[in-house]
Amino acid sequence: MTDGMVRKWVRQFNDGRTNVHDEARSGRPFVVNDDLVAKVNKKIRENNRFTIKMLCDEFPKISRTVVHEIVTNRLNYHKCNVFPLGSENAYGCPQN
């Protein structure tokens with residue numbers, strides 16, 4: 001953190017700021033909502049051998065980065081753990 005940023009924070013706390021979290025601000029609205037996450041999850045469950053590219057083709061108005069964020073961060077899917085229950089080993093990978 002730069003010296004200027006530290007001075008800015010000190011000044012804000014001296015002026016009465018009480019927390020370190022960013023305040024809400026206007027700007028582009030966040031694209032990801034629960035409805036979109038549910039739609040992506042439904043597509044994944046229809047075909048559990050999905051790729052991010054396949055999902056991007058299904059949702060052309062959503063960027064690859066946002067699709068990846070939904071799959072990995074919101075739905076917590078990663079390689080080898082998107083197989084039907086009972087067909088994976090202890091590591092979440094399919095059994096041969």
Side-chain angles (χ1 to χ4, degrees):
M1 186 178 284
T2 65
D3 290 342
M5 186 58 78
V6 172
R7 281 193 285 275
K8 177 182 172 186
W9 278 89
V10 169
R11 190 170 46 253
Q12 288 177 351
F13 278 99
N14 286 338
D15 290 342
R17 185 177 181 128
T18 59
N19 66 41
V20 295
H21 302 289
D22 289 335
E23 296 174 4
R25 53 187 166 180
S26 64
R28 184 175 181 178
F30 195 57
V31 177
V32 179
N33 57 37
D34 291 338
D35 185 45
L36 179 60
V37 172
K39 287 178 184 177
V40 171
N41 195 31
K42 183 177 181 225
K43 282 293 176 189
I44 291 171
R45 297 225 176 249
E46 288 173 4
N47 177 12
N48 62 3
R49 293 192 174 271
F50 72 94
T51 63
I52 297 296
K53 183 178 181 338
M54 290 167 57
L55 289 172
C56 288
D57 292 343
E58 292 287 331
F59 301 96
K61 293 185 177 184
I62 301 169
S63 73
R64 181 182 182 97
T65 304
V66 171
V67 170
H68 186 268
E69 191 269 331
I70 291 171
V71 171
T72 58
N73 296 341
R74 297 291 289 273
L75 295 173
N76 204 27
Y77 287 127
H78 301 280
K79 288 183 180 181
C80 294
N81 74 347
V82 204
F83 296 91
L85 293 176
S87 68
E88 65 270 356
N89 62 20
Y91 301 105
C93 294
Q95 296 178 3
N96 293 335

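- Minimum interatomic distance between D34 and R74 (heavy atoms only, all atoms of both residues): OD1-NH2, 3.3 Å.
- The shortest side-chain heavy-atom distance between R64 and K53 falls under the 4.5 Å cut-off.
- For R17 (side chain) and N19 (main-chain N/O), a donor-acceptor pair under 3.5 Å exists by modelled atom type.
- Note: N47 CG to E58 CD = 9.0 Å, rounded to the nearest 0.5 Å.
- Contact of the V20 side chain with the W9 side chain is registered, since non-hydrogen atoms from C-beta on lie closer than 4.5 Å.
- Expressed to the nearest 0.5 Å, how far OG1 of T18 lies from CD of Q12 amounts to 11.5 Å.
- The structure places NE2 of H68 at 11.5 Å from OG of S63, a figure rounded to the nearest 0.5 Å.
- A heavy-atom distance below 4.5 Å is found between the side chains of F50 and V71.
- Side chains of M54 and T51 form a contact here, defined as non-hydrogen atoms less than 4.5 Å apart.
- Between D35 and K39 a salt bridge is recorded (basic side-chain N to carboxylate O distance below 4.0 Å).
- Screening N41, V40, T72, I70 against Y77 for a side chain to side chain contact (heavy atoms under 4.5 Å, CB included) leaves a single residue, N41.
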